[in-house]
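Structure record follows, encoded as structure tokens.
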Amino acid sequence: MEHPLSIYNTLTRKKEQFVPLHEPHVGMYVCGPTVYGDAHLGHARPAITFDLLFRYLTHLGYKVRYVRNITDVGHLENDADEGEDKIAKKARLEQLEPMEVVQFYVNRYHKAMDDLNVLPPSIEPHASGHIIEQIEVVKEILDNGYAYVSEGSVYFDVERYNKDFKYGKLSGRNIEDMLNTTRELDGQQEKRKAIDFALWKNASPEHIMRWPSPWGNGFPGWHMECTAMGRKYLGETFDIHGGGMDLVFPHHECEIAQAVASCGHEAVRYWMHNNMITINGQKMGKSLGNFITLDEFFSGNHASLTQAYSPMTIRFFILQAHYRSTVDFSNEALQASEKGLQRLLEAAANLDKLTPSATSSVELGGLRAKCFEAMNDDLNSPIVISHLFDATRAINSVLAGQATISEADLAELKEVFKLFLFDILGIKPEQQAEGGNNEAYGKVVDMLLQMRIDAKANKDWAMADKIRNELTALGFEIKDTKDGFEWKLSK
RNA sequence: GGUUCCUUGGCCGAGUGGCUAGGCACCGGUCUGCAAAACCGUUUACGGCGGUUCGAAUCCGCCAGGAACCUCCA
């Protein structure tokens, strides 16, 4: 099997040829959402980035097991509610069972992902369903001497670990700097050093998410679930681990330490990180309170939005930037994406209207190869899209009767569009109208436009313009063609 | 303060030592009863100052501005 794909490995800070450990199988783990609120635009970025990777690896012929977790046990909050995790806090506020909160937001997350045409992962494990596995890893680390028990909690001994291995290799930190700069946090006296991190946390009496363990009732530490679940489903060593750049430190750094401390070697071969989405130049994030949820984008119901943006517009917007660049949100940028996407989808639809000629006057110029080349270069989706726009011009020229295309070239274009636009980039044509009475409704529009044709035949321009203007005002896009007319809903 | 990174035309956004990225917007033309869509064409660029080089937006240095992480975060 060839290995055409290069990906940027955060660990080495270089693009590397991707060669799976157990070809043709690929193991891929991506940090999923903490389900204590609705998914926002920031959550769409990794989901779409790694969906692109999942789709592409599959197209290259790999058999991919894609694991994306659901974090439903915690992560402590840093505000006044000391020691209470996010899910538990939300549950108390809403007087619900924690798992009820989890289920509610998982359902909504799935819906949003489905709208974005993000394929479901192969396995979507819940942290709460893998407490036993996590306890086992904690035990191993304790047995190997890289952790200590303190007041019912277990902490990772970073200094001890750093004597045998290097802590900080992923994020480029060294332990001396961190010992000097780590801030004092909420009186964690039970930790020996500020840089030590929790493997298992003792639960205070009011803490409602808790499980029995050898160290008392509690819950797993912040980074343990990915180590335990990645190993369970992908093995002690697997190919790809992905997530947002903001997880590089401490989350992924701690995962590396946990893996090495428990089984003596690293688990992950390629670390991949998507960059952030910014708003006014700043990261869009939960803690900054500057996020816009996906549902708000889809409905347009947010003060910062001048209109609604469809899921495909959001997807296309994200794919128009390379995944390692920040992408800045603005209404202008989103509107540009919306129009560009429409143009591409229109061209894709136009392919079925083209009549082939004996020869081509348009030059495809190795379109398919160029698209593969771009994908192989660390998933350069913006370049793929630019090639598709080039093809769009060719398609429209033929449609306008200003160029010709051969049967073979037409077939090639159809295949390339299907392969790249729909299968790999994961764009799907958006539904034009909803409801069960589409046929009758369409016929009414046809009838109005037929009346307009009649008016035009009588040179009754006033009537012709009135029909067109009013339909336009209602959101229809009217085109006159040589045979009559075409229409569609403009959004 | 430490670590890492960024600064491209009106907006978004690729790229990279010499060859038009692309999209959106704008302008001119073709088409049209007029439009819309489409096609053709044009315009606007690589933060500042130095250096390396035959040649730098691309490499190096300094400066300015900005960001992420160092605390839950995609």
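In what follows, chains carry the letters A, B, and so on, assigned in the order in which the sequence lines appear, proteins first and then strands, with residues in each chain numbered from 1.
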Original post:
Does the side chain of A:R393 get closer than 4.0 angstrom to OP1 or OP2 of B:A21 through an N or O atom?
Top reply: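 It does not, given that no N or O in the side chain of A:R393 lies less than 4.0 Å from OP1 or OP2 of B:A21.
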Spacing of the [atom1] atoms in [M] and [N] (rounded, Å):
N	M	atom1	answer
B:U43	B:A21	P	12 Å
B:C27	B:C60	C1'	41 Å
B:U8	B:C40	P	29 Å
B:G1	B:C63	P	13 Å
B:U30	B:C12	P	34 Å
B:G65	B:C49	C1'	15 Å
B:A36	B:U4	C1'	49 Å
B:A56	B:G17	P	14 Å

Between [N] atom [atom2] and [X] atom [atom1], what is the distance in whole Å?
X	N	atom1	atom2	value
A:Q282	B:G66	CD	P	12 Å
A:I318	B:G23	CD1	P	21 Å
A:D246	B:C73	CG	C1'	6 Å
A:I453	B:G33	CD1	C1'	13 Å
A:D377	B:A21	CG	C1'	14 Å
A:M276	B:C69	CE	C1'	10 Å
A:K283	B:A67	NZ	P	13 Å
A:I478	B:C34	CD1	P	18 Å

**OP:** Tell me yes or no: between the side chains of A:T313 and A:S310, is some donor less than 3.5 Å from an acceptor?
**Re:**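 There is such a pair between these side chains.
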**OP:** Using only heavy-atom distances, determine whether the side chains of A:N69 and A:T71 contain a donor-acceptor pair under 3.5 Å.
**Re:**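 A pair is found: one side chain offers a donor N or O, the other an acceptor, under 3.5 Å apart.
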Pairs touching [range] that satisfy salt bridge (charged side-chain N to carboxylate O under 4.0 Å, His left out), sequence neighbours left out:
range	answer
residues 110-121 of chain A	A:K111-A:D115
residues 389-398 of chain A	none
residues 286-297 of chain A	A:R108-A:D295

**OP:** Please list, chain by chain and in numerical order, all residues satisfying side-chain contact (heavy atoms from CB on, under 4.5 Å) with A:R452, sequence neighbours excluded.
**Re:**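 In terms of side-chain contact (heavy atoms from CB on, under 4.5 Å), with neighbours along the sequence ignored, A:R452 is linked to A:L449, A:K456, A:A464, A:I467, A:R468, A:I478, A:D480.
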Original post:
Where each residue is assigned the nucleotide of RNA chain B containing its nearest heavy atom, which of A:A462 and A:F316 is assigned the position nearer the 5′ end?
Top reply: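 Result: A:F316.
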Original post:
Starting at the 5' end of RNA chain B and moving along, which residue's nearest nucleotide shows up first, A:H40 or A:G340?
Top reply: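 Checking each residue's closest nucleotide, the 5'-ward one belongs to A:G340.
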Original post:
Got a salt bridge between A:K353 and A:E486, using NZ or NE/NH1/NH2 to carboxylate O under 4.0 Å?
Top reply: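 Yes, A:K353 and A:E486 are salt-bridged.
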Could you list the residues that satisfy side chain to side chain donor-acceptor pair (under 3.5 Å) with [X], not counting sequence neighbours?
X	value
A:K193	none
A:E332	none
A:S406	A:S360
A:Y167	none

**OP:** Starting at the 5' end of nucleotides 9-14 of chain B, put B wherever the base has a protein heavy atom under 4.0 Å, S where only the sugar-phosphate does, and a dash everywhere else.
**Re:** --SSSS
Please tell me which of the listed nucleotides, [options], lies nearest to the side chain of [X]?
X	options	answer
A:D390	B:G22, B:C69, B:G33	B:G22
A:P250	B:G33, B:G22, B:C72	B:C72
A:R13	B:G33, B:U3, B:U4	B:U4
A:D465	B:C40, B:G22, B:C34	B:C34
A:K479	B:C70, B:G22, B:A37	B:A37
A:E477	B:C40, B:C34, B:A37	B:A37

**OP:** Answer with yes or no whether A:R324 presents, from its side chain, a donor or acceptor under 3.5 Å of a partner atom in the base of B:G15.
**Re:**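 No, no donor-acceptor pair under 3.5 Å.
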Subject >> Under-3.5 Å donor-acceptor pair between A:R468 side chain and B:A36 base >> reply: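 Counting by modelled atom types and ignoring angles, no donor-acceptor contact under 3.5 Å is found here.
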Original post:
Going by the angle between their ring planes, with limits at 30° and 60°, are A:H252 and A:H273 parallel, tilted or perpendicular?
Top reply: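 Tilted, since the angle between the ring planes falls between 30° and 60°.
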**OP:** Measure up the A:H241 and A:Y29 rings against each other and bin them: parallel (under 30°), tilted (30 to 60°), perpendicular (over 60°).
**Re:**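 Answer is tilted, since the angle falls between 30° and 60°.
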Which donor-acceptor pairs under 3.5 Å do side chains of residues 374-387 of chain A form with protein atoms, sequence neighbours excluded?
residue : atom : partner : partner atom : Å
A:N376  : OD1  : A:Y56   : OH           : 2.6
A:N376  : ND2  : A:F372  : O            : 3.2
A:D377  : OD1  : A:K15   : NZ           : 2.8
A:D378  : OD1  : A:Y8    : N            : 3.0
A:D378  : OD1  : A:Y323  : OH           : 2.6
A:D378  : OD2  : A:Y323  : OH           : 3.4
A:D378  : OD2  : A:R324  : NE           : 2.8
A:D378  : OD2  : A:R324  : NH2          : 2.8
A:N380  : OD1  : A:I383  : N            : 3.4
A:S381  : OG   : A:L319  : O            : 2.7
A:S386  : OG   : A:I383  : O            : 2.8

Restricting both atoms to N or O, compile the protein contacts to nucleotides 25-32 of chain B shorter than 3.5 Å, with distance only.
residue : atom : partner : partner atom : Å
B:A25   : OP1  : A:K339  : NZ           : 3.0

Would you classify [X] as touching base, sugar-phosphate or nothing, given that sugar-phosphate means primed atoms plus P, OP1 and OP2, and contacts are heavy atoms under 4.0 Å?
X	value
A:I385	nothing
A:R343	sugar-phosphate
A:L399	nothing
A:M245	nothing

Original post:
Any stacking of A:W461 on B:G33, going by centres under 5.5 angstrom and planes within less than 30 degrees?
Top reply: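 Per 5.5 Å and 30° rule: yes, stacked.
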Original post:
Where does RNA chain B form stems of at least three consecutive Watson-Crick or G-U wobble pairs, each pair having both distances below 3.5 Å?
Top reply: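 For RNA chain B the paired stretches long enough to count as stems (3 pairs minimum) are B:1-7 with B:64-70, B:10-12 with B:22-24, B:27-30 with B:38-41, B:47-51 with B:59-63.
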